[in-house]
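Data block below; observations after.
Proteins come first, then strands; the chains are lettered A, B, ... in the order of their sequence lines, and each starts at number 1.
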Amino acid sequence: EAQVTQNPRYLITVTGKKLTVTCSQNMNHEYMSWYRQDPGLGLRQIYYSMNVEVTDKGDVPEGYKVSRKEKRNFPLILESPSPNQTSLYFCASSLGGGFGNQPQHFGDGTRLSIL
Amino acid sequence: AQSVTQLDSQVPVFEEAPVELRCNYSSSVSVYLFWYVQYPNQGLQLLLKYLSGSTLVKGINGFEAEFNKSQTSFHLRKPSVHISDTAEYFCAVIRSGGYQKVTFGTGTKLQVIP
């Protein structure tokens with residue numbers, strides 16, 4: 001089954017404790033992206049990746065890091081999480097050509113709460 | 001820079017009534033436009049997209065949208081809604097021609113009343 005898998009689905013942690021949210025897709029997609037969703041603000045793009053070793057900033061990259069060492073994985077790293085990063089996070093992927101030409105497939109989301 | 005405005009944060013509508021969800025965008029270059037739907041506790045699913053060609057775009061679940069370049073709008077419509085259409089709907093824009101940064105609107109919650 002074609003899918004985008006995020007882990008963990010839920011996490012409560014404390015300020016300053018490094019964490020990683022993993023994202024994996026089994027569709028051989030080139031393009032992958034991370035979003036955060038906050039009430040009243042919709043989805044905002046954090047980072048995206050056009051292919052292995054190619055990443056770029058979205059609208060809200062501050063406080064986040066990403067890496068794309070393998071095509072299927074695109075982890076989101078919070079080196080020193082802060083309460084303003086409490087949010088619902090989505091990973092998405094699509095075929096080459098990126099968002100413009102192909103539909104995005106979204107994961108089920110990761111709800112992060114940082115105390 | 002590009003932006004998307006969804007003026008209506010919530011739209012209540014009776015079952016079997018028509019609905020229009022509004023989306024306006026701003027961009028200095030040509031764009032691609034999308035509508036996504038998010039059901040409770042799920043990720044987003046593509047409803048429809050406008051890349052080029054006919055300005056009336058038909059999507060899944062009986063939804064359609066019309067691209068109006070002069071009014072910079074891409075409103076979503078359905079002639080008769082069902083309870084199952086209760087969800088949050090997001091309009092999104094990306095600059096055409098391969099630039100991959102995408103901007104979403106703030107979302108419209110459609111509540112279908114029996």
Side-chain angles (χ1 to χ4, degrees), chain A residues 2-7 9-10 21 23 25 29-51 54-61 66 68 74 87-111, chain B residues 1-10 21-27 29-53 57 59-61 63 87-109:
Chain A
Q3 59 186 1
V4 177
T5 303
Q6 297 177 225
N7 279 297
R9 292 291 315 280
Y10 304 91
V21 184
C23 174
Q25 49 92 5
H29 286 169
E30 287 86 357
Y31 180 88
M32 297 185 75
S33 183
W34 275 103
Y35 303 88
R36 60 177 290 174
Q37 183 177 13
D38 301 288
L41 297 177
L43 273 81
R44 292 177 291 170
Q45 193 172 34
I46 304 171
Y47 271 96
Y48 61 93
S49 170
M50 298 289 288
N51 213 324
V54 181
T55 63
D56 206 348
K57 297 176 181 179
D59 286 322
V60 289
V66 293
R68 188 88 182 276
F74 190 45
S87 186
L88 178 59
Y89 292 84
F90 287 100
C91 180
S93 72
S94 66
L95 280 170
F99 195 96
N101 298 320
Q102 303 290 338
Q104 293 244 296
H105 296 259
F106 281 81
D108 288 334
T110 294
R111 189 167 293 280
Chain B
Q2 61 205 25
S3 66
V4 177
T5 302
Q6 292 182 248
L7 284 174
D8 305 308
S9 59
Q10 295 190 53
L21 306 183
R22 297 181 294 168
C23 172
N24 288 88
Y25 70 93
S26 173
S27 176
V29 298
S30 60
V31 296
Y32 297 148
L33 293 152
F34 305 81
W35 275 99
Y36 277 80
V37 60
Q38 184 181 33
Y39 298 104
N41 300 314
Q42 294 185 26
L44 276 69
Q45 301 174 33
L46 180 70
L47 269 181
L48 48 80
K49 61 182 177 181
Y50 173 78
L51 303 182
S52 64
V57 180
I60 62 171
N61 301 339
F63 284 93
E88 190 160 18
Y89 294 79
F90 292 93
C91 183
V93 61
I94 188 170
R95 197 172 85 175
S96 62
Y99 185 69
Q100 304 306 334
K101 182 177 174 183
V102 61
T103 301
F104 281 87
T106 52
T108 298
K109 290 184 179 176

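Residues B:Val102 and A:Asp59 approach most closely at O-OD2, 4.0 Å, considering heavy atoms. The minimum heavy-atom distance between B:Gln38 and A:Phe90, with the atom names listed, is NE2-CZ, 3.3 Å.
Only the side chain of A:Gln37 comes within less than 4.5 Å of a heavy atom of chain B; its backbone N, CA, C and O stay farther away. Contacts between B:Leu44 and chain A at a heavy-atom distance below 4.5 Å involve backbone atoms as well as side-chain atoms. For a residue to count as touching a neighbouring chain, one of its non-hydrogen atoms must lie under 4.5 Å from one of that chain's; by this rule A:Leu43 touches chain B with backbone and side chain alike. B:Glu88 touches chain A through its side chain: at least one heavy atom from C-beta onward sits under 4.5 Å away, while N, CA, C and O do not.
A:Arg44 CZ: more than 12 foreign heavy atoms inside a 6.0 Å radius.
Interatomic distance, NE2 of A:His105 versus CD of B:Gln45, reported as 11.0 Å (0.5 Å rounding). Atom CG of A:Asp38 is separated from atom OG1 of B:Thr106 by 12.0 Å, given to the nearest 0.5 angstrom. Separating the OH atom in A:Tyr35 from the CZ atom in B:Phe104 is a distance of 5.0 Å, to the nearest 0.5 Å.
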